[in-house]
There are 2 protein chains.
Amino acid sequence: MAAESPVPLPALERLSTYIRCLMQLERDGVASVSSQDMEKHTGVSAAQFRKDLSYFGEFGKRGIGYRVVDLKERIASLLEIDREQSVVIVGAGHLGSALIAYPGWRSYRFKIAAVFDREPAVIGKRIRQYTVQDITELEDQTARLGARIGIIAVPAWEAQGVADRLVAAGIVGIVNFAPMKLQTPEHVVVREVCFICELAMLSYLVNHPAGGSEPAHSDDP
Amino acid sequence: MAAESPVPLPALERLSTYIRCLMQLERDGVASVSSQDMEKHTGVSAAQFRKDLSYFGEFGKRGIGYRVVDLKERIASLLEIDREQSVVIVGAGHLGSALIAYPGWRSYRFKIAAVFDREPAVIGKRIRQYTVQDITELEDQTARLGARIGIIAVPAWEAQGVADRLVAAGIVGIVNFAPMKLQTPEHVVVREVCFICELAMLSYLVNHPAGGSEPAHSDDP
DNA sequence: TAGATTGTTAATCGATTAACAATC
DNA sequence: TAGATTGTTAATCGATTAACAATC
């Protein structure tokens with residue numbers, strides 16, 4: 001088949017917003033929504049919403065709208081979160097522990113397959129139902145568990161080494177919490193999460209009243 | 001002055017990337033960089049880098065490049081992270097605790113001014129150097145501490161209530177970790193952090209080999 | 001049927017890239 | 001000076017918005 005136009009990354013990011021919203025609507029017992037309703041709930045314009053979905057097919061009924069449950073399931077299927085996927089976490093410090101305690105795993109059908117660290121003081125420790133394993137086990141375990149996604153929750157200076165290990169173990173997708181640009185092979189997808197960067201952005205936005213005027217040259221008084 | 005064109009948000013987001021990179025370079029003892037070097041270190045193209053800076057003024061020397069320390073300080077000044085800013089955290093669970101333990105606060109000159117929760121079991125608890133305070137103290141404390149930025153690290157169903165309280169307390173910038181679109185007045189800037197959304201994106205990207213072709217209609221076999 | 005709302009096309013807008021004159 | 005690299009302008013590209021025919 002002639003390659004169709006690829007889905008814009010921003011559209012893909014919004015898909016997560018939609019499904020999150022749809023999960024909420026389902027819990028609230030709402031049966032169907034219009035693109036207008038979605039605009040109210042997500043802040044994404046109705047036109048944008050319909051356009052985003054159009055990259056993937058047809059999801060609604062003209063004159064009617066969308067069935068909440070159906071749409072949720074169709075988007076879940078697009079994102080491939082309609083089946084269980086194993087994820088390995090490297091780093092069992094404060095961040096790793098908070099990730100383990102995160103309540104959203106199940107609704108997205110992600111499963112923490114194993115947790116690793118390299119600190120002897122931490123290895124063997126139990127966190128919830130997990131026992132922290134030695135990082136040297138990573139390769140064997142990842143293969144055995146069939147995990148393809150990994151999370152890096154170690155200090156910056158250890159991140160690249162961990163990334164290399166994950167790649168060697170067959171991981172093809174990484175969420176990186178360390179403030180470090182990772183060098184990885186082409187076939188590996190990396191998403192950076194930088195909490196402090198959000199705070200820095202906020203600092204700018206809060207201190208430059210949004211009207212959108214003057215970007216405040218630093219040589220201004 | 002005639003209002004200059006506003007800075008594109010993506011450019012602003014990259015500024016965080018640049019400063020993070022420059023901090024690293026400074027630690028590594030690198031004195032100066034070219035836009036080419038920055039491309040290697042950050043993955044952002046040299047042209048993009050120069051264009052982004054151009055929204056704010058001139059930062060380099062033609063034929064030479066940029067002084068690492070100077071550029072870092074100028075960007076810090078643009079983002080207004082060249083002076084201490086107080087931040088309040090609401091939610092002292094796993095996530096709140098991990099945030100408190102986060103090592104990056106100081107280099108961005110953010111200061112955790114206070115930590116709040118509404119659970120009697122948690123109020124009074126010490127986490128590092130902080131004593132968790134009753135959420136009812138939020139308004140008084142925030143005013144007293146002069147905090148303008150707040151972090152929401154509570155469950156989804158409590159997030160809106162906390163947001164309302166933060167706004168009432170005079171907070172104008174919020175980083176929201178709860179999976180909930182917040183309703184806030186115009187003047188308040190909200191940045192959502194959605195960890196599980198990153199994972200969902202990754203799921204799509206990993207399962208749709210990147211070439212960029214066929215977005216996989218869900219009615220495909 | 002009339003009213004509503006989708007899916008899609010075309011028009012607009014904005015961001016990225018490429019190219020180059022300025023200048024260190 | 002010659003070589004390097006910036007800052008900026010113009011060209012390209014891609015994403016968002018608006019509008020509307022299709023249709024429930």
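Using a cutoff of 4.0 Å between basic side-chain nitrogens and carboxylate oxygens, A:R67 and A:E73 are not scored as salt-bridged.
Per the geometry, CD belonging to A:E39 stands 16 Å off C1' belonging to C:dA4, to the nearest Å. The distance from atom CG of A:D37 to atom P of C:dA4 is 14 Å, rounded to the nearest whole Å. Rounded to whole Å, atom C1' of C:dG3 lies 14 Å from atom CD of A:Q36. Between B:F59 atom CZ and D:dG7 atom C1' the separation is 11 Å, expressed in whole Å. We find that CD of A:E13 is positioned 17 Å from P of D:dG14, with the value rounded to whole Å. Here D:dT6 presents its P atom at 14 Å from CG of B:D52, a figure rounded to the nearest Å. Between the CZ atom of B:F49 and the P atom of D:dT5 there is a distance of 13 Å, given to the nearest Å. Distance, B:L53 CG to C:dT17 P: 15 Å, rounded to whole Å.
A 4.5 Å side-chain heavy-atom check between B:Y108 and A:L199 finds every atom pair outside the cut-off.
For the pair A:Y66 and C:dG7, the criterion of a side-chain N or O lying under 4.0 Å from OP1 or OP2 is met. For C:dT5, neither phosphate oxygen OP1 nor OP2 lies less than 4.0 angstrom from any side-chain nitrogen or oxygen of A:S35. At least one side-chain nitrogen or oxygen of B:R14 sits closer than 4.0 Å to the OP1 or OP2 atom of C:dT16. Side-chain N/O atoms of A:Q48 include none lying less than 4.0 angstrom from OP1 or OP2 on D:dA15.
Checking B:V33 against A:S45, the closest nucleotide of DNA chain D that is more toward the 5' end is the one next to B:V33.
Residues satisfying the salt bridge (Lys or Arg N to Asp or Glu O under 4.0 Å) criterion with B:E39, sequence neighbours excluded, are absent altogether. The salt bridge (Lys or Arg N to Asp or Glu O under 4.0 Å) test applied to B:E158 returns B:R118, not counting sequence neighbours. Scanning for ring-ring contact (aromatic ring centres under 6.0 Å, His included) contacts around B:Y66 gives B:F49, with sequence neighbours left out.
Listed by first and then second residue, the ring pair (Phe, Tyr, Trp, His ring centres under 6.0 Å) pairs involving residues 147-199 of chain B are A:Y102-B:F195, A:W105-B:F195, A:F177-B:F195, A:F195-B:F177 (not counting sequence neighbours).
The side chain of A:S54 has C:dT8 as its nearest neighbour among D:dT5, C:dT8, C:dT16.
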Treating primed atoms plus P, OP1 and OP2 as sugar-phosphate and everything else as base, which nucleotides of nucleotides 18-24 of chain D get B, S or - for protein heavy atoms under 4.0 Å? BB--BBB
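To the nearest 0.5 Å, the span separating CD on B:Q48 from CZ on B:R50 amounts to 11.0 Å.
The 12-atom threshold is exceeded at CZ of A:R83, counting heavy atoms of other residues, nucleotides or ligands nearer than 6.0 Å.
Here the shortest heavy-atom pairing between A:A169 and A:L138 reads CB-CD2, 3.5 Å.
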Could you provide the dot-bracket string of DNA chain C, using ( ) for intrastrand pairs, [ ] for crossing pairs and | for bases paired to another strand, with Watson-Crick or G-U pairs below 3.5 Å? ..||||||||||||||||||||||
